[in-house]
Undergrad: 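Take this structure first; my questions come after.
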Amino acid sequence: MADNARAKRLADLIREVVAKKLQRGIKDPRLGTHVTITDTRVTGDLREATVFYTVYGDDEDRAAAAAGLESAKGVLRSAVGAAAGVKFTPSLAFVADALPDNAKAIEDLLDRARLSDEKVREVSAGAEFAGGADPYRKPEDESDEEDEETDGDARA
């Protein structure tokens with residue numbers, strides 16, 4: 001079993017080789033400039049590599065890019081093997097990265113929070129405090145309460 005540093009170096013090399021090969025070496029129109037390699041992970045035994053990618057475009061572009069990557073898998077693995085110089089070239093698995101979808105969901109939630117905050121600001125624009133502007137006790141307030149308590153004891 002290889003150490004983690006070696007697996008990380010191989011993962012970085014795979015990411016660079018695949019990105020360069022997609023940019024310059026593969027003439028598949030489904031891939032073009034729409035595909036970005038975001039991350040690569042290699043198993044501890046250096047036998048399998050998972051390549052994460054994003055696609056700029058709609059669902060149709062994503063499906064076409066996935067099909068293009070699957071068809072170019074052999075060429076990409078050969079390029080990785082030539083560049084890596086390892087005994088066994090890892091098999092490549094391409095996985096669409098969920099990061100853009102997660103980022104969009106977070107942005108939508110933040111937009112809803114901003115709208116909600118704006119509504120609260122509009123409602124509270126002319127409002128006044130329920131118990132006064134300063135709700136904290138002050139030293140003179142405590143002495144007034146003590147006088148009231150002693151007056152109440154004298155009447156009893």
Side-chain angles (χ1 to χ4, degrees), residues 1-139 141:
M1 186 166 191
D3 60 350
N4 288 337
R6 185 172 179 198
K8 173 131 177 57
R9 283 193 312 268
L10 183 60
D12 291 343
L13 178 72
I14 290 171
R15 183 177 65 238
E16 290 175 16
V17 169
V18 169
K20 286 180 184 175
K21 192 71 173 171
L22 285 176
Q23 185 179 21
R24 297 185 183 150
I26 296 181
K27 303 298 181 198
D28 192 341
R30 296 176 289 188
L31 299 175
T33 59
H34 300 303
V35 178
T36 303
I37 304 300
T38 56
D39 193 19
T40 307
R41 295 187 185 149
V42 178
T43 58
D45 61 357
L46 306 179
R47 297 276 180 159
E48 298 174 8
T50 305
V51 180
F52 295 92
Y53 67 94
T54 59
V55 179
Y56 182 72
D58 56 0
D59 291 335
E60 184 178 312
D61 292 334
R62 290 183 188 127
L69 287 170
E70 283 300 315
S71 69
K73 188 183 284 189
V75 174
L76 294 171
R77 185 172 181 215
S78 298
V80 168
V86 292
K87 183 176 183 180
F88 181 80
T89 303
S91 62
L92 301 178
F94 293 96
V95 177
D97 199 351
L99 184 67
D101 296 333
N102 292 343
K104 184 173 178 359
I106 289 171
E107 284 296 323
D108 291 343
L109 290 172
L110 289 173
D111 288 340
R112 282 197 299 175
R114 282 186 203 105
L115 289 173
S116 176
D117 288 347
E118 188 61 34
K119 288 178 184 176
V120 168
R121 266 190 228 104
E122 289 174 5
V123 168
S124 65
E128 294 182 15
F129 295 104
D134 189 10
Y136 299 104
R137 288 186 174 186
K138 294 188 173 120
D141 292 343

Undergrad: Please check this pair: side chain of Arg77 against backbone of Leu92, looking for a donor-acceptor N/O pair closer than 3.5 Å.
TA: no
Undergrad: Go through it in stages, so that I can follow the logic: the residues are Val95 and Arg41, the test is side-chain contact (heavy atoms from CB on, under 4.5 Å), and I'd like the CA-CA distance, side-chain angles, deciding distance and then a yes or no.
TA: CA-CA 11 Å; Val95 177; Arg41 295 187 185 149; over 6 Å; no
Undergrad: Salt bridge or not between Glu107 and Lys104? Use side-chain N to carboxylate O under 4.0 Å.
TA: no
Undergrad: Any chance you could lay out the side-chain contact (heavy atoms from CB on, under 4.5 Å) test for Val18 and Phe94, step after step, and finish with the verdict?
TA: CA-CA 11 Å; Val18 169; Phe94 293 96; 4.2 Å; yes
Undergrad: So do Asp61 and Asp58 actually touch side chain to side chain, heavy atoms under 4.5 Å?
TA: yes
Undergrad: Heavy atoms only: give me the nearest Leu10-Ala84 pair and the separation to one decimal.
TA: CD1-CB, 3.9 Å
Undergrad: Would you give the length of the straight line joining atom CG of Leu46 to atom OG1 of Thr89, rounded to the nearest 0.5 angstrom?
TA: 11.0 Å
Undergrad: If the threshold is 4.0 Å, N to carboxylate O, is there a salt bridge linking Glu122 and Lys119?
TA: no
Undergrad: Report the C-alpha separation of Val51 and Arg15 in whole Å, then their side-chain angles, then the decisive distance to 0.1 Å, and conclude whether the side-chain contact (heavy atoms from CB on, under 4.5 Å) test is met.
TA: CA-CA 7 Å; Val51 180; Arg15 183 177 65 238; over 6 Å; no
Undergrad: So, Asp12 and Lys8, do they make that salt bridge, N to O below 4.0 Å?
TA: yes
Undergrad: Locate the shortest heavy-atom distance separating Val55 from Ala65; write the atom from each residue and the value.
TA: CG2-CB, 3.6 Å
Undergrad: Any idea which heavy atoms bring Ala83 and Val17 closest together, and the distance?
TA: CB-CG2, 3.6 Å
Undergrad: Give a yes or no on whether the backbone of Gly74 and the side-chain of Ser78 come within a donor-acceptor separation of less than 3.5 Å.
TA: yes
Undergrad: Give the intermediate values and the outcome of side-chain contact (heavy atoms from CB on, under 4.5 Å) for residues Ile26 and Leu76.
TA: CA-CA 9 Å; Ile26 296 181; Leu76 294 171; 3.5 Å; yes
Undergrad: Report yes if the side chains of Leu22 and Leu69 come closer than 4.5 Å at any heavy-atom pair, otherwise no.
TA: yes
Undergrad: Tell me, do Ile14 and Val42 make a side-chain contact under 4.5 Å, heavy atoms counted?
TA: yes
Undergrad: For Arg112, does the CZ atom sit with more than 12 other heavy atoms under 6.0 Å from it, leaving out its own atoms?
TA: no
Undergrad: Would you give the length of the straight line joining atom CG of Asp97 to atom CG of Asp39, rounded to the nearest 0.5 angstrom?
TA: 7.5 Å
Undergrad: Got a second to check how far Glu16's CD is from Ile37's CD1, nearest 0.5 Å?
TA: 12.0 Å
Undergrad: Any side-chain to backbone donor/acceptor pair from Thr38 onto Phe52? Under 3.5 Å, distance only.
TA: yes
